[in-house]
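For this chain, numbers begin at 1 and follow the sequence in order.
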Amino acid sequence: MGNLQRWIGPVQRTPHYWQVGVLAFVYFVAAKLSLQFAIPPGHATAVWPPSGIALAATILLGGRIWPGIWLGAALVNYTVSYSPILAVMMGTGNALEALAGAALIRRYMGVPRRFERCRDVVIFVAVAALSCTIASTVAVVSLATVGLVTWTDSLSNWWTWWQGDVTGIILVTPLILSWRLRRAAPWSRRKKLEAFCLGGLLLITTLLVFGDATEFLSPFPLTFAILPFMMWAALRFSQRVVTTASAVVSAFAVDYTIHGIGPFALWSLNESLLILLAFISTVVLTSLALSALRIERGRAMDELERDLVELREQAVTDPLTGLYNRRYLWEFLRREWVRAKRKDDTLAVIMIDIDHFKRINDAHGHEAGDFVLMAIAGLLRNRIRSSDIVCRYGGEEFALVLPEASLENVRLRAEDIRMAIRDLDLAHNGVPLGRVTASLGIALFPDHVSDPESLMHAADAALYEAKNAGRDRAVFCPPGRFPPPPARQITCS
């Protein structure tokens, strides 16, 4: 209901009786205009926009708006037959049609601002076809019962009534729903120019297809010439543009056809309008489906992009600590080494190993060990600059990469980290874990090494010297001496 409130806006704040009255008036006026093209006895017409108005109003304003539909439909039918009973029956049929259609759309589509999936267009058409059987059946049975229509002619009247209602819904309901939305962003100058070109070309094509030009261009068929322009609108613009363009094309086509002009003015007025509006509905539905497909594809691409970003994060992130893993460490290290070499700058690596970590696991369990790793990971994350990174190198080892850091700055940073780890007072499930210490090995480019692989070897060698010297200390790798530690292979993984 929150979304519905935003879509309806100030209309819903209007008193209910005003909403009912305005809807009844609009329905009555649209119906009187449409009945000019009705077949005898004057109730069934191929042009029936009120069905689309009624369905859109019921979707947007809720089922309580039904008295406006009923009143408008009853009044307009009373002006044709002057039969109160017949007017009540037909008004009831039209109101039930709108209520049933809105209920089915809410059930299977929600409250559509636009058709965001191809299946929405299919559902919408199915709902229109199904719900329109209510009004057409009630009306024809009522007309035949009172003798205004013979049972022999009831089928043709039923078909005209049903197709008129369906076409009205297909053309008018999406138009109203799309205009209830605010445009997402103003168009650029280039977009406005494109819209102007589209509108001009579509208007010219419509006049050529449905106007007098068909006589001069015969025998060349131009009927489907408007389809590429509707596809252009669907692929490049919003559904508001598609539905508006459809309404304009329909208005011109109906006007020409009722004056006996165009490719559809070949039969009786009712048959011509039925065939014309079936064609127009097909074009509109094709355009709406294509527009929905574009929206659906765009949403799928956005989701795919988010998934790829998430997969990328998972590929370079340690699941336990949330730090970067060894794979990202090497990517970052090589990239920063190229930058440091080009700018004649420094690049430091600090390797950190938790002392006697196996004792913690043996004494308190692996959950306690994981708790210690996460606590130290959080500590390291809070003690680096935005330009630095901290990674879980493997097991109980961590690695820090510090671009643009002087020798003294790296030394102070290493000592600060070592003391902060030593000062941790950790307890897991209420059980103290004792003092935790760490050994640190430090190497600096270009002071100690000349390439990223040697930089890691040098920091790792310094780490082993710190362990051999008694642990809980930070050791620099001496310049020019960085042998890889025994039985260890430093590779990107």
Side-chain angles (χ1 to χ4, degrees), residues 316-329 348-386 388-402 405 407-444 455-478 482 484-490 493:
V316 299
T317 304
D318 174 61
L320 176 64
T321 61
L323 302 178
Y324 289 118
N325 59 19
R326 189 186 301 192
R327 180 190 300 274
Y328 185 80
L329 167 68
V349 170
I350 301 176
M351 294 290 294
I352 304 171
D353 185 270
I354 303 174
D355 297 329
H356 305 297
F357 183 73
K358 187 175 182 300
R359 296 180 184 176
I360 299 175
N361 281 332
D362 292 343
H364 303 283
H366 289 283
E367 288 188 5
D370 292 344
F371 173 77
V372 172
L373 292 175
M374 290 187 288
I376 293 179
L379 182 150
L380 296 175
R381 189 184 291 112
N382 293 329
R383 275 176 163 74
I384 62 172
R385 304 169 299 177
S386 59
D388 306 335
I389 66 162
V390 55
C391 305
R392 185 183 179 190
Y393 193 72
E396 66 271 23
E397 289 185 313
F398 299 87
L400 276 69
V401 181
L402 293 74
L407 190 67
E408 180 62 20
N409 181 270
V410 173
R411 187 188 68 79
L412 292 175
R413 188 82 61 84
E415 280 299 318
D416 174 69
I417 290 172
R418 184 185 68 83
M419 294 299 296
I421 293 175
R422 186 176 182 179
D423 292 341
L424 286 174
D425 184 15
L426 300 178
H428 182 252
N429 292 333
V431 179
L433 301 180
R435 175 176 292 181
V436 178
T437 62
S439 302
L440 292 78
I442 310 164
L444 192 71
L455 186 62
M456 291 299 301
H457 286 319
D460 203 51
L463 172 63
Y464 267 75
E465 290 192 12
K467 285 182 169 292
N468 293 332
R471 306 179 189 271
D472 189 22
R473 65 194 64 218
V475 173
F476 274 91
C477 178
F482 46 89
R488 285 172 61 99
Q489 185 178 6
I490 312 296
S493 61

Could you walk me through whether Phe398 and Ile376 pass side-chain contact (heavy atoms from CB on, under 4.5 Å), step by step? CA-CA 9 Å; Phe398 299 87; Ile376 293 179; 4.0 Å; yes
Under the rule for ring-ring contact (aromatic ring centres under 6.0 Å, His included), what residues qualify as partners of Phe357, not counting sequence neighbours?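 In terms of ring-ring contact (aromatic ring centres under 6.0 Å, His included), with neighbours along the sequence ignored, Phe357 is linked to no residue.
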Over 12 non-hydrogen atoms of neighbours within 6.0 angstrom of [atom1] in [X]:
X: Glu367; atom1: CD; value: no
X: Arg471; atom1: CZ; value: yes
X: Asp425; atom1: CG; value: no
X: Arg435; atom1: CZ; value: no

What closest approach, in Å, do [X] and [Y] show between heavy atoms, and which atom pair accounts for it?
X: Ala427; Y: Gly430; result: CB-C, 4.5 Å
X: Ala474; Y: Ile442; result: CB-CD1, 4.1 Å
X: Leu400; Y: Leu402; result: CB-CD1, 3.7 Å
X: Cys477; Y: Ala443; result: CB-CB, 4.5 Å
X: Leu323; Y: Ala377; result: CD1-CB, 3.6 Å

Can you measure from CG (Asp355) to OG1 (Thr437) and round to the nearest 0.5 angstrom?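 Separation between the atoms: 3.5 Å.
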How many angstroms lie between CZ in Arg359 and CD1 in Ile354, if you round to the nearest 0.5 Å?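 Between Arg359 CZ and Ile354 CD1, I get 14.0 Å after rounding to 0.5 Å.
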State plainly whether the residues Arg385 and Asp388 are in salt-bridge range, i.e. N to O under 4.0 Å.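 Asp388 and Arg385: salt-bridged.
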Should the pair Arg326 and Tyr393 be classed as cation-pi, given the thresholds of under 6.0 Å to the six-membered ring centre and 45° from the axis?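 Relative to the ring axis of Tyr393, which defines the angle, Arg326 lies inside both limits.
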Does the side chain of Val401 come within less than 4.5 Å of Leu329's, by heavy atoms?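 Counting from C-beta outward, Leu329 and Val401 do come under 4.5 Å.
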Close side-chain approach of Ile352 to Ile417, heavy-atom, < 4.5 Å: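 In contact.
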Step by step, work out the side-chain contact (heavy atoms from CB on, under 4.5 Å) result for Leu463 and Ser439. CA-CA 6 Å; Leu463 172 63; Ser439 302; 3.9 Å; yes
If we ignore hydrogens and angles and just use 3.5 Å, is the side chain of Arg418 paired with the main-chain N or O of Asp472 as donor and acceptor?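 Yes.
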Hey, does the side chain of Asn429 reach the backbone of Val431 with a donor-acceptor pair shorter than 3.5 angstrom?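 No, Asn429 side chain to Val431 backbone: no donor-acceptor pair under 3.5 Å.
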Check against side-chain contact (heavy atoms from CB on, under 4.5 Å), Asp362 and Ile360: CA-CA 5 Å; Asp362 292 343; Ile360 299 175; over 6 Å; no
Run Leu320 and Met374 through side-chain contact (heavy atoms from CB on, under 4.5 Å) and show every step you take. CA-CA 7 Å; Leu320 176 64; Met374 290 187 288; 4.0 Å; yes
